Amino acid sequence: MAPIFTESADRLLRVVIAALLLLAAGAAGLASWIFHPRQTEVGYTPVQPVPYSHKLHAGDLGMDCRYCHTSVETAAMAAVPSTETCMNCHQRVRSESLALAPVRESYATGKPIPWVRVHRLPDFVFFNHSAHLAAGVSCVSCHGRADQMIEVKAVEPLNMAWCLDCHRNPAARIRPREYVTRLGWRPDRDPLELGRGLVAANNIAPPVNCSGCHR
Amino acid sequence: MNGPGRIHGAAGQFDSPESLLAAARALAGDGYTRMDAFTPFPVHGLDKALGLSRSPLGYVVFGAGLAGAALALLLQWWTGAVDYPLVIGGKPLFAFEFSIPITFELTVLLASFAAVGGMLAANGLPRLSHPVFSSELFRRVTDDGFVLLIESRDPKFDAAACRERLASLGAVRTEVVEERAA
Amino acid sequence: MKTGRQYWRSLEQLAGTPRFQEWLRREFPQGAPELAGQGSRRRMLRLMAASLGLAGLTACRRPVENILPSSRGSEAIVPGVPNWYATSMTVGGLSFGLLVESHDGRPTKIEGNPRHPSSLGATTAHAQAAVLSLYDPDRSTRVLRQGRAASWDGFEAFAAQHFAAARVGDGARIRFLSETACSPSLEAVRRHALTRFPGARWIEYEPLNQDQALAGSEIAYGAPHVVRFHFDKADMVVSLDHDFLGLDALSLGWIRQFSRRRTADSPREPMNRLYAVESRFSMTGAAADHRLRLRPSEVRRFGEDLARALGALEGPAPSPNRFLDALARDLKASRGRSLVLAGPRQPAEVHALAHLLNQALGNTGVTVTCSRAPRDDARLQIRSLQSLAAELAAGQVETLVVLGGNPAFTAPADMGFQGLMRKARYNVRLGLEEDETSAGAEWHLPEAHFLESWGDGRALDGTASIQQPLIEPLYGGRTVAEVVAVISGYKDRRAYDIVRNHWLAGWPVRDAEKNWRRALHDGVVSGSSFPEARPAADASRVAAALQSNPASPVAEGLEIAFTPGWATWDGRYANNGWLQEAPDPMTRLTWDNAALVSPATASRLGLATGDLVRLSRGRHEVAAPVLVQPGHADDCVSVPLGYGRAMCGRVGRNVGFNAFLLRTTDALWSAAGLELRRTGRTARLALTQNHHNMEGRPLILAATLEEYRKDPKFVAHSKPHLEPFSLHKEPSYDRGNQWGMAIDLSACVGCNACVLACQAENNIPIVGKQQVLRGRQMHWIRVDRYYQGSPEDPGAAVQPVTCQQCENAPCENVCPVAATTHSPEGLNDMAYNRCVGTRYCSNNCPYKVRRFNFLDFHKGLSEAGKMVFNPDVTVRMRGVMEKCTYCVQRIEEKKIKARREGRRAIGDGEIQTACQQACPAGAIVFGDINDPASRVAGLRNHNRGYGLLEELNTKPRTTYLARLRNPNPELA
Amino acid sequence: MSGINGALILGKPALGDITAAVSGIVERKPPRAWYVAFGISAALTLVLGAMLAHLVTTGVGVWGNNQPVGWAWDITNFVFWIGIGHAGTLISAILFLLRQRWRTSINRAAEAMTLFAVMCAGIFPLFHVGRPWRAYWLLPFPNADLAMWPNFRSPLLWDVFAVSTYATVSALFWYVGLIPDLATLRDRASTRIRQVVYGVLSLGWRGSARHWRHYEMAYLLLAGLSTPLVISVHSIVSFDFAVSVIPGWHTTIFPPYFVAGAIFSGFAMVVTLMILARRVYRLENLVTMKHLDNMCKVMLATGMIVGYAYAVEFFTAFFSGNPYERFVFVNRAVGPYAWAVWIMFTCNVIVPQVFWLKRARNCIPLMFVVSILINVGMWFERFVIIVTSLHRDYLPSSWGYFRPTPVDILTFAGSIGLFLTLFLLFVRFLPMIAMAEVKGVVAGGKTHGEAKA
């Protein structure tokens with residue numbers, strides 16, 4: 001009499017079981033990889049209404065970050081400059097440039113320039129620029145070499161785990177306060193040992209408890 | 001099983017566990033070594049009659065249990081005291097007391113997996129196709145049939161002789177089980 | 001993804017897409033909203049461009065977000081950094097100095113101005129809630145002519161020809177009706193208008209006014225005087241139906257001074273003793289050492305007896321009375337250090353008696369001083385209103401200009417004022433809302449909120465302060481002065497010019513500008529207080545007055561007493577959700593007013609809390625729910641005014657019953673002959689506290705001054721001594737800042753200012769009556785009120801309770817996702833964004849101070865609705881737990897500031913929590929308990945210091961100071 | 001032995017008859033009663049779905065929970081179902097180790113019931129949270145984004161592990177028991193589809209002596225593991241309360257008391273279901289009066305343990321001299337929820353006393369009613385513990401009162417629907433009685449119980 005299954009059925013069964021297991025594992029891994037900020041955030045380079053080049057201004061012309069981002073040392077937000085700030089120079093420099101038309105228009109009409117946000121934190125996170133600068137964390141730690149970017153691009157995931165890395169061992173990212181806006185700055189000795197010194201000297205103790213960032 | 005031989009073995013069906021047991025003992029006396037019995041429920045003494053040793057599953061399960069416990073303690077200690085130490089309710093970062101429940105649960109969980117997994121592995125299950133499934137006799141095993149099989153691997157094996165011997169031991173029906181080419 | 005998006009979205013109210021309609025449907029039963037005018041919104045946007053843009057969005061997928069820096073940079077506004085401006089708020093003809101925090105052009109938080117005599121840095125609950133009214137989308141947003149949309153230009157054109165001299169002549173048929181004004185600049189405009197229209201008359205009417213006090217002083221001194229109390233100098237205080245710690249407080253200085261004298265901490269300031277004679281159980285009664293329950297009509301007799309007992313008044317000595325005699329002896333014993341006050345709801349005669357008593361006791365000039373009333377023509381407002389009514393009835397008024405207020409709602413019921421107004425051909429009405437008074441007006445003009453307009457005002461002692469706006473009028477409102485300026489053709493038209501020029505004119509030219517700057521900066525005009533007057537009270541005149549107007553014999557039956565509405569005042573705050581949801585300090589009632597009766601009266605009439613009854617006097621009647629109020633005077637029903645507004649915004653519409661319907665010209669404050677009939681129906685009252693007995697638990701520890709003197713360590717002795725045992729070494733908090741709070745139960749008067757301050761600071765949502773009924777109110781700090789003693793005549797004690805920041809926090813252990821953990825500075829952190837909402841922490845909190853977002857209480861706010869949020873605090877979403885954090889945003893801000901300035905140490909008192917800052921009594925102290933020099937450390941180790949439920953070994957960071965009472969041994 | 005045997009299986013059926021009787025149920029078209037029951041319970045299950053959807057989209061506010069009563073029907077239902085889920089494993093494991101042969105006729109159904117009850121239980125902790133879409137944060141998975149871990153001090157987290165472990169192990173236990181019977185169905189299958197389905201499910205079981213050898217060892221080990229597990233699960237559930245600081249919750253006797261209560265309610269539910277099943281499917285010969293009689297005795301015993309626990313609780317509360325504790329129990333007896341307390345006491349302590357009478361233990365209708373009353377009582381026990389303790393704790397100012405909303409009620413009703421639906425599907429498609437084991441008993445052959453451990 002005929003049995004229900006042949007040996008091929010067994011082979012099929014094994015294949016199916018193996019496939020299911022692989023699929024489950026794979027899906028989980030893939031999802032967690034795809035939706036990690038390293039994928040979703042880093043590399044975001046929106047097109048700005050004005051083709052403003054940080055490379056030109058901060059890099060080649062060597063303007064200090066704080067010329068435009070005035071409140072970075074005193075406030076939580078590193079203010080995006082008002083059109084006036086641009087016009088301080090551009091009333092004379094390149095006053096006819098086509099690229100600057102939106103700036104001139106904004107200056108004339110008083111309508112703000114709709115810059116597109118690049119670095120963004122969830123709004124239950126209360127990041128304070130002044131606190132970080134005061135501690136000696138350079139712009140470069142979070143924004144990368146903006147002075148080499150023609151278009152500003154997100155270079156760090158800015159997720160909690162990433163923040164904690166630095167909050168747990170600040171020494172690696174601390175530098176003397178006067179150099180925080182010198183993106184290219186390299187210490188003359190071992191940066192880690194320098195950092196340790198500064199951390200000890202200014203007793204820098206970044207919070208790792210919740211209310212340090214969430215209020 | 002053994003490749004060329006087209007015969008898997010000779011089987012005889014008995015109508016009660018007792019007669020099966022008796023037959024098994026007799027055949028063992030005859031010096032048959034490669035036998036197996038098929039019953040609707042476990043029959044006392046068969047293992048001995050067929051010369052089967054005690055199942056080693058216990059050790060596997062014990063090991064798995066220990067692993068579970070270790071894993072649990074490691075998890076709770078590392079996450080709480082090493083990876084992200086947070087002061088919670090004035091309690092220590094890691095303490096044996098509050099680790100007990102989860103440690104126990106993981107112990108049981110892994111041990112149980114080992115017990116079931118081990119059993120299936122030891123029995124070579126799942127295995128959907130098997131020569132005996134093509135035999136009429138075996139249809140009744142999961143109902144009320146008690147079947148004794150002398151495998152062709154047995155050095156003393158001789159299909160005809162085995163059938164007679166089984167019949168003589170009170171098998172109501174006997175049959176030669178064929179290997180089926182895949 | 002769906003839920004995920006929701007998750008992010010509701011956390012980002014500050015910049016999320018507007019979902020106003022939904023919000024309204026949930027928040028306001030009435031629905032059918034109308035959005036703030038597009039135009040006004042655009043105006044706001046210019047101011048808040050940066051903040052809106054920078055507020056930031058978050059989502060699973062990345063939406064394009066814009067940053068909109070204002071085109072013209074401004075030195076003043078640094079994005080994200082709040083600015084502070086001094087201004088002032090005027091209520092009932094008195095102004096309170098305020099400091100207002102402005103975030104990127106949005107006023108978000110109000111504090112008291114420490115330089116201002118009437119606020120001393122503190123605020124009332126009503127002041128705290130003013131920001132919400134500012135952004136109230138139901139405020140009047142448009143000019144209306146005969147109910148149809150019109151414009152200011154239209155009105156100006158109308159005014160130009162309507163008020164032309166050729167037409168109105170001397171203006172004999174023009175009448176102005178305003179609220180009690182205390183604004184010097186408006187006074188100037190007023191005088192101009194009255195010279196421009198010599199025939200016109202200007203009537204001031206305020207339903208809750210100080211008429212009786214003025215009239216009383218006129219009886220005693222021959223001329224109306226404003227009285228100032230100096231509680232700091234008074235050892236013995238007698239209140240004749242004066243709730244001077246509650247709704248009758250005309251200056252927060254009163255509470256501050258009184259409370260300072262309750263702590264018995266400084267030998268220079270011995271503890272005072274308070275005798276309260278009152279009908280309704282008020283906060284003053286709760287603070288009193290001795291309280292006498294009398295019906296309003298009986299207070300006068302008590303006053304007379306007291307006056308006679310002290311020989312201030314001729315006449316037979318009163319029949320012996322334990323309370324009276326003891327009181328009299330006490331007062332005699334402390335001549336010149338006592339103080340007798342008569343409440344605004346008592347007739348002029350009682351005020352006169354108070355003056356007489358103070359003089360007889362040598363208090364005048366010491367604990368009580370006077371100054372001449374700002375205007376001599378100060379008459380009883382009700383009289384002038386009556387004459388206006390008569391003129392209206394007689395059709396002698398062609399044009400009635402109603403400036404602010406809501407007379408149609410607040411005028412005595414027997415006047416039928418709403419109907420009378422129609423008798424004037426032209427009705428011009430300036431108001432904050434389109435309300436009862438606007439109905440049928442020829443012109444309705446939107447009034448500007450005080451936070452968006454220029455003005456000025458005078459405090460009780462005459463100190464003037466400038467009212468400067470923090471934002472452009474959201475809905476194009478204008479001020480009273482501006483409108484009168486238009487009508488009368490005043491030289492200046494814009495409020496700014498009117499105010500500024502008025503003040504500059506008064507100063508020598510060379511330092512005028514300097515003075516102006518200083519006035520704006522300080523919030524007070526230096527040296528502007530009234531000069532002190534030293535009139536002598538004339539006993540004979542008082543006696544005569546008492547003769548001519550004998551006290552009505554104590555009538556049979558029920559007496560009715562009108563009181564200000566806790567949340568609504570005279571109805572003006574009816575549409576303020578924060579106030580409506582803040583429980584009445586004594587009854588704990590929210591979203592309602594109720595007819596208060598004593599337990600005895602209730603059982604006599606077979607009434608229970610929640611019964612719906614019909615109250616009637618003559619042809620005036622109203623249906624009201626009953627609330628049985630322990631300690632209330634018998635045979636007397638207190639009804640809070642200002643509720644039951646029919647034409648009002650969506651929040652306040654038909655909330656409670658309208659007690660004004662019972663208030664008649666002859667019975668403005670109280671009257672006999674109240675009929676009370678049961679309807680058999682009941683109403684559900686949303687009480688936030690349903691159990692009023694401490695069940696003998698050591699929650700509020702208290703002792704009399706004597707006991708305290710005998711045993712300064714009575715707290716330690718009254719507490720079970722226990723050695724808390726722990727399986728493990730508990731973490732030590734001996735390094736760095738260790739935050740703690742101390743609350744002095746002797747000082748706290750339970751005014752609820754802290755509750756509102758916290759709500760404003762921490763973006764606490766309004767949940768609405770239905771949710772309060774379900775027990776889901778969200779206040780992070782609450783003021784518990786317990787009764788002790790017999791239900792008939794109990795004592796009451798209050799206790800503000802908020803997160804105690806336990807070092808061994810039970811809530812933390814049980815959170816499965818570690819959403820609430822402990823900070824190294826001893827804070828019980830709550831990470832809203834980590835919370836999954838098991839509510840286990842709340843269950844396991846012995847203090848029940850955690851609050852859960854059972855529903856999306858912030859759902860879809862309007863642009864305006866969002867503007868009130870404090871950007872330094874997360875707006876919590878549905879499904880997460882929240883609680884007091886000691887205002888951690890303020891702590892972090894100050895810590896970062898200190899770091900920036902290279903400091904390590906944070907000065908004591910540098911960080912103030914919102915509740916502490918608002919507290920008029922100064923009962924709350926916050927600071928670093930690790931710094932032995934800090935005030936809080938001192939109070940923590942104070943003899944009276946103890947931790948609530950500390951026997952649970954929760955190690956609370958908030959400690960309390962036991963309550964002291966100072967009863968008269970004779971009456972003990 | 002034989003005496004019990006006689007009582008345990010009536011009419012000395014041949015092995016074949018047992019196979020036929022049990023397999024027949026699955027092979028024949030189910031009776032009308034089944035369709036009616038299934039229709040109703042399926043409808044209720046849909047209600048459950050609707051309620052949960054409403055809950056997730058609107059918020060926990062659709063239930064009556066409030067401050068101070070943060071947990072109410074949600075956790076009550078959770079504990080209620082988990083409790084019911086205890087009888088199955090208990091019968092399979094503990095009675096197995098104690099060699100109670102009478103278990104064989106009822107253990108399969110009881111195990112199935114356990115499984116479904118645990119599923120129903122699982123729904124409530126999952127959906128009672130404010131943000132169910134974040135519930136996965138309770139699992140300790142490496143999170144490269146947030147770097148956060150769950151808090152292992154929280155009894156709620158212990159619950160997650162206990163309940164999931166319990167569900168998994170019970171499922172394994174149940175399935176292992178099923179394998180030989182599935183093989184039986186496979187070999188009797190008349191249609192191809194049945195052959196394949198049961199064939200795959202039975203994993204190619206051949207009933208060989210070699211199989212049985214490992215099989216029995218595995219079964220024994222599982223029984224050994226499940227026994228402490230079943231005790232631990234309800235102990236841990238009781239920790240949710242016992243570990244807290246709330247008077248009325250913070251009680252040391254909770255673990256044993258909860259376990260006893262769980263067995264109590266579990267057996268009641270088994271009785272309810274078996275009475276129906278044996279009636280509908282004419283299984284009087286396999287599920288005999290002897291079985292029911294034994295279960296009644298168990299209910300009587302456990303019921304008295306529970307009653308004893310109530311008494312002890314009251315006594316300790318009084319004896320402790322702790323005013324808060326005292327108050328809670330006075331409040332239970334005479335407070336606003338006294339009615340619930342008295343329902344609980346009557347149903348759980350007084351009603352089961354009838355089982356002292358042999359007549360009562362032989363009267364099936366009575367048994368049926370009592371078993372249902374017991375489950376009502378046990379539901380109220382959990383309600384009383386959770387709600388009456390919460391609604392009046394330390395600060396009188398914060399005392400409150402809980403009123404259920406229609407959503408509360410419909411959600412619970414829905415969970416009953418889900419439970420019944422699953423059980424009906426089980427009796428329709430799987431052997432409701434462990435044939436292999438019963439055969440072992442009939443043939444007097446070696447049953448698992450005699451495996452030398």
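Protein chains get the first letters and strands the later ones, always in sequence-line order, with residue 1 at the start of each. Computed from a predicted model, the values in this text were never measured in an experiment.
Between C/Arg900 and A/Arg177, the closest heavy-atom pair is O-NH2, 3.7 Å.
The contact between A/Pro81 and chain C is made entirely by backbone atoms, counting heavy-atom distances below 4.5 Å. Within the 4.5 angstrom heavy-atom criterion, no atom of C/Thr885 approaches chain A. When heavy atoms are compared at a cutoff of 4.5 Å, A/Ser106 approaches chain C by way of both its backbone and its side chain. For A/Pro46, no part lies near chain C; criterion is any non-hydrogen pair under 4.5 Å.
The number of heavy-atom neighbours closer than 6.0 Å to CD of A/Glu178, taken from other residues, nucleotides and ligands shown, is above 12. Atom CG of A/Leu30 is surrounded by more than 12 heavy atoms from other residues, nucleotides or ligands within 6.0 Å. Within a 6.0 Å sphere centred on CD1 of A/Ile150, other residues, nucleotides and ligands contribute 12 heavy atoms or fewer. Applying the 6.0 Å contact sphere to CH2 of A/Trp33 captures no more than 12 heavy atoms from other residues, nucleotides or ligands. Residue-environment remark: CZ (A/Arg94) stays at or below the threshold of 12 foreign heavy atoms within 6.0 Å.
Partner of A/Arg215 under the side-chain contact (heavy atoms from CB on, under 4.5 Å) criterion, chosen from C/Glu893, C/Arg890, C/Glu892: C/Glu892. With A/Ser211 as the partner, the side-chain contact (heavy atoms from CB on, under 4.5 Å) test is satisfied by one option alone out of C/Thr821, C/Asn828, C/Asp829: C/Asp829.
Your options are A/Asn203, A/Asn128, A/Thr109, A/Thr85, and the one with the most heavy-atom pairs under 4.5 Å with chain C is A/Asn203. Put simply, of A/Val103, A/Asn202, A/Val125, A/Leu133, the one with the most heavy-atom pairs under 4.5 Å next to chain C is A/Asn202.
Distance check, rounded to the nearest 0.5 Å: NE2 of A/His214 to CE of C/Met830 gives 11.5 Å. Atom NE2 of C/His822 sits about 10.0 Å away from atom CG of A/Asn209, to the nearest 0.5 Å. The CZ atom of C/Arg899 sits 7.0 Å away from atom CD1 of A/Ile204, with the distance rounded to the nearest 0.5 Å.
In this structure, C/Asn66 and A/Val116 have side chains that are in contact, with non-hydrogen atoms separated by less than 4.5 Å. A 4.5 Å side-chain heavy-atom check between A/Ser130 and C/Ile896 finds at least one atom pair inside the cut-off. Between A/Phe126 and C/Thr874 there is a side-chain heavy-atom pair separated by less than 4.5 Å.
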